[in-house]
Amino acid sequence: MVLSEDQVGSFFLWDIENEKIVFEGIAEKSDAKTLSGKSAWKLDFSDFSTTGNYEIGIPEIGKSYPFAIHSQVYEELGKASLKAFYFQRASTDLPEEFAGIWARKAGHPDDQVAIHPSAASDLRPEGTILSAPKGWYDAGDYNKYIVNSGITMGTLMSLYEVYPNYFAEQNLSIPESGNAVPDILDEVLWNLEWMLTMQDPADGGVYHKLTTARFEGMVEPHKAVNQRYFVSKGTAATLDFAAVMAQAARIFKPFSPEGAVVYLKAAEKAWNWAIQNPEVYYRQNDLNKTFKPEVLTGAYGDQNLTDEWIWAASELYIVTQNLEYWDILASANQDYQLPSWSQVKWMGYYSLLRNEDSLDQIPREWLSMLKVNLIAAADSYHQAGLSQAYSSPMGGNPKDFIWGSNAVASNQGILLLEAYRLSGKTDYLQSAKSNLDYILGRNATGFSYVTGFGRKTPMHPHHRLAISRPDLPALPGFLVGGPNPSQQDNCDYPSDVPDESFTDLDCSYASNEIAINWNAPFAFF
């Protein structure tokens, strides 16, 4: 535990059930100050591990929220972080049996989606009506975006690939629970089947997004009925699609060999389209000058596609061993870059390292350089955490606090877990846990940034599913974006300090929205 106070002396651990003090200690002043210039005091009781429910008491200051110590303390949190994707499902009722008090009617059957003029072709002219059901709502809005689905799907399938035995036993209480497929993969399938509908079968190109022209109001999904469109094919979307489908061919082959064939064919067809169309960038403002209706929803415009080529080539190479894909990788930059929706290079490199035993044609020295760069990056984050006031790698650089800063913390956590997997060095595991502690409340705001978990947790996220039903608590298991000093939404923030720039208001899409590409890395680590 960390407190930012002028002076903290002794503290004790109070056993709530047995009403007695079970541990006493002295707070240690951190050498580092917080980003707002406050002193930080560390209350270390890591030597105490007896199962139970406790509070920390500090004479003349007060006591902490109650908390538990036990071996499976994160189990329900982990399930909720994945069950959140079920709550985001489009095109289906969510019955009380599975959704509890958040049961709702189906929204967006997406069986009457029109080809936007930006996406028109000879075989699919403007206004052509097609069906593209299922998928997840991307964030606090009701649209579905291929680029952001890309990193989300890659992260979740990687999570399964690393821990298959754990997920073989996990029950998320979704409609598919109990079948022959692990629940995490059943949930992935809901979005995968939608993604397949976003590929034009005539040429293999993939539409950038399925969306209304403008964001819907704060209404329940079945009341959000404006026309939806397939918008503009693009190289980024097509390569992300290729990477996801190639990875799916590998992950789902034991459960559906026939499906794996379909996924791989879709990936190869997308790759071929990208080869023929290597620089079709999604530039929404430019499209709106030419095509009507104007589209004003999330752009996910990426103007550097080097990383998408690397990710797609990596996943296709793992499955096919075709040296065409290795040719892309052989001269690729191997420097470490933290993954995000617009930077997916290391999504491919992580997959290569996880599957290195089957990659006989790749030079060992090339794979060794990937490992060296990964470990060096993990060392940097670990060292940053040691010198931070809140004892976590997150915030080692104030630039960590961007739109979706909690996804930065989560992806740092994945890096550290990968370094632990490769090296066995427990320092990396502890640093990953420190970033989890950051997300759950050991931070400058004191918020647990996960809805439904913790005593001080977001109650008013920017999330149409929540805002449209104010009589209910926020849906549980969603990671909100986190501190963002840019404050693009112009809501009322309590502070401009980077790690304090968070507000629990539903107007705050810049700090308090939810998004699938944030929940996926959080579920991973």
For the pair [X] and [Y], name the ring-plane relationship: parallel under 30°, tilted 30 to 60°, perpendicular over 60°.
X	Y	value
Tyr336	Tyr350	tilted
Tyr163	Phe524	perpendicular
Tyr449	Phe502	perpendicular
Tyr142	His108	tilted
Trp102	Phe87	perpendicular

Indicate whether any N or O donor in one side chain lies under 3.5 Å from an N or O acceptor in the other, for [X] and [Y].
X	Y	result
Ser508	Tyr493	yes
Asn435	Gln412	yes
Ser158	Arg354	yes

Distance, nearest 0.5 Å, that separates [atom1] of [X] from [atom2] of [Y]:
X	Y	atom1	atom2	answer
Asp186	Ser177	CG	OG	7.5 Å
Gln334	Asn373	CD	CG	6.5 Å
Ser340	Asn517	OG	CG	8.5 Å

Taking the ring of [Y] and the ring of [X], is the distance between their centroids below 6.0 Å?
X	Y	result
Phe478	Trp518	no
Phe67	Phe45	yes
Phe23	Tyr54	no

Are more than 12 heavy atoms, taken from residues, nucleotides or ligands other than [X], located less than 6.0 Å from that residue's [atom1] atom?
X	atom1	value
Glu28	CD	no
Lys42	NZ	yes
Lys456	NZ	yes
Glu19	CD	no
Asp492	CG	no
Glu96	CD	no

- Message: Between Val181 and Glu176, is the side-chain contact (heavy atoms from CB on, under 4.5 Å) condition met? List the steps.
- Response: CA-CA 8 Å; Val181 179; Glu176 299 81 5; over 6 Å; no
[Y] side chain reached by [X] side chain, heavy atoms, under 4.5 Å:
X	Y	result
Tyr390	Ser4	yes
Ser486	Trp403	no
Met347	Thr155	yes
Val2	Ser30	no
Leu359	Leu352	yes

Of all the heavy-atom pairs spanning [X] and [Y], show the shortest one and how long it is.
X	Y	value
Ala474	Pro458	CB-O, 4.1 Å
Tyr86	Pro95	OH-CD, 3.5 Å
Phe453	Gly477	CE1-N, 4.1 Å

- Task: Determine, step by step, whether Asn143 and Asp138 satisfy the side-chain contact (heavy atoms from CB on, under 4.5 Å) criterion, reporting the C-alpha distance in whole Å, the side-chain angles of both residues, the deciding distance to 0.1 Å, and the verdict.
- Result: CA-CA 6 Å; Asn143 302 307; Asp138 177 75; 5.7 Å; no
- Would you mind checking if Lys83 and Glu187 are paired as a salt bridge, meaning a charged N to carboxylate O distance below 4.0 Å?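 Looking at Glu187 and Lys83, the cut-off is not met.
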- Message: Less than 4.0 angstrom from a charged side-chain N to a carboxylate O is my criterion; do Arg455 and Glu55 meet it?
- Response: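 No.
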- Take Tyr300 and Asn148, measure what side-chain hydrogen bond (donor to acceptor under 3.5 Å, both in side chains) needs, and give me the verdict at the end. CA-CA 7 Å; Tyr300 291 110; Asn148 211 38; 3.1 Å; yes
- Query: Yes or no on side-chain hydrogen bond (donor to acceptor under 3.5 Å, both in side chains) for Gln487 and Ser501, after CA distance, side-chain angles and deciding distance?
  - Reply: CA-CA 8 Å; Gln487 301 178 7; Ser501 186; 2.7 Å; yes
- Message: Evaluate Ser39 against Lys33 for side-chain hydrogen bond (donor to acceptor under 3.5 Å, both in side chains), listing each step before the verdict.
- Response: CA-CA 5 Å; Ser39 296; Lys33 290 186 179 294; 3.1 Å; yes
- Message: One pair to check against side-chain contact (heavy atoms from CB on, under 4.5 Å): Thr50 and Val22. What are the steps and the verdict?
- Response: CA-CA 9 Å; Thr50 303; Val22 292; over 6 Å; no
- Stepwise side-chain contact (heavy atoms from CB on, under 4.5 Å) check, Tyr428 with Leu422: CA-CA 10 Å; Tyr428 301 133; Leu422 287 173; over 6 Å; no
- Message: Quick one, Thr297 with Thr211, criterion side-chain hydrogen bond (donor to acceptor under 3.5 Å, both in side chains). Give me CA distance, side-chain angles, the key distance, then yes/no.
- Response: CA-CA 7 Å; Thr297 55; Thr211 179; 2.8 Å; yes
Using distance only, find each side-chain donor-acceptor pair of residues 461-473 under 3.5 Å and give its atom names and separation, not counting sequence neighbours.
residue: His462; atom: ND1; partner: Asp506; partner atom: O; Å: 2.7
residue: His463; atom: NE2; partner: Gln88; partner atom: OE1; Å: 2.8
residue: Arg464; atom: NE; partner: Glu216; partner atom: O; Å: 2.9
residue: Arg464; atom: NE; partner: Gly217; partner atom: O; Å: 3.4
residue: Arg464; atom: NH1; partner: Gly140; partner atom: O; Å: 3.2
residue: Arg464; atom: NH2; partner: Glu216; partner atom: O; Å: 3.0
residue: Ser468; atom: OG; partner: Arg464; partner atom: O; Å: 2.7
residue: Arg469; atom: NH1; partner: Ala103; partner atom: O; Å: 2.6
residue: Arg469; atom: NH2; partner: Ala103; partner atom: O; Å: 3.3

